[in-house]
Amino acid sequence: MKLIKLLLLTVAIGIGAPAMAQWQWIDKDGRKVFSDRPPGLDVPEKNIVKRPKGYGSLKGVQSSGTGPALREVAPAPQEGESGDGAAAPAPAAGAAPAGGAAAVKAATGKDKELEAKKAADAKAKADAEAAEKAKQAAAKADNCKRAQQAKAMYDTGKAVRAPNEKGEMVFQSAEQRAAEIKRTDEVIFNNC
C-alpha cells in the first residue's frame, strides 16, 4: 500500500514539473506576462522577472518556421563555466520566425482579437448613442411642430374646446387660454 502511494506521489510530482517551467516578464506596456515560452526580442533582460530552473541568460534567436523571432534560451552555466558561451546562430535571411500565434501575442504583449472586440464594442456603443440622440431629436422636432400648431390655433382668437377633469369637452376660460398660450410658448422656446 505504501508503495502505491509513493508511486502516485512520484507521478503527480512528475506531471506538475512542466507546469513549473514558467517565464515571467514585464512587457513594454508595464503589464506582467506569464508564459511557458521565453519573451520576445523586444523585452530587455532587466524586465525578465522569473526564468524556469536551469536557464541562464537569453542569447541569440531561435527560428523554427512560424511566429516572431524569439531569443534562444541558453542553459545555466555549470560549475567551472563562465557563462560566456558563443551566441546561437542567427536565422537565415527570409526564414520565418518561431512560435506561432501564441508567440505573436506574447511578443507584442497585445491580443489582436481582444483589441478588435473592444473596438467593435466601442463602435456599437457609439452607434447606440447616435441612434438615441436621433430619436430624441425627432421627438423634439415633433414637439416643436405640435406646439407651433397649437400656438397658431390660439392666435386666431377663436374659442378653444378642451377636456375638463370629467373628460367632457368644454370651452376654455380666459385664464385657461392664457395658461395654455404660456405653456405652448415655453415648449416652442425649449424645442424649436
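Sequence positions, counted from 1, serve as the residue numbers for this chain.
Side-chain atoms of Q172 and Y154 form a donor-acceptor pair, as typed in the model, at a separation below 3.5 Å.
In summary, K125 and D121 do not engage in a salt bridge, as defined by a charged side-chain N under 4.0 Å from a carboxylate O. In summary, E180 and R177 do not engage in a salt bridge, as defined by a charged side-chain N under 4.0 Å from a carboxylate O. In this structure, R51 pairs ionically with E45, as a charged nitrogen and a carboxylate oxygen lie closer than 4.0 Å.
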Side chain to side chain contact (heavy atoms under 4.5 Å, CB included) assessment of V170 paired with R161: CA-CA 5 Å; V170 294; R161 292 177 8 150; over 6 Å; no
Steps toward side chain to side chain contact (heavy atoms under 4.5 Å, CB included) verdict (Q24, V33): CA-CA 6 Å; Q24 181 179 349; V33 179; over 6 Å; no
Worked verdict on D36 versus Q22 for side chain to side chain contact (heavy atoms under 4.5 Å, CB included): CA-CA 5 Å; D36 60 341; Q22 293 292 316; 3.9 Å; yes
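Between the side chain of Q176 and the backbone N or O of S173, at least one donor-acceptor pair lies under 3.5 Å.
Counting only residues at least two apart or on different chains, the salt bridge (Lys or Arg N to Asp or Glu O under 4.0 Å) pairs with a member in residues 131-145 are D142-R146.
Side chains of I48 and P39 form a contact here, defined as non-hydrogen atoms less than 4.5 Å apart. No side-chain heavy atom of I26 sits less than 4.5 Å from a side-chain heavy atom of R31. For the pair W25/S35, a side-chain contact is recorded, criterion being any heavy-atom separation below 4.5 Å from C-beta on.
Heavy atoms of other residues, nucleotides or ligands lying less than 6.0 angstrom from CG of L114 number more than 12.
Contact detail for T184 and A150: the closest heavy-atom pair is CG2-CB, 3.9 Å.
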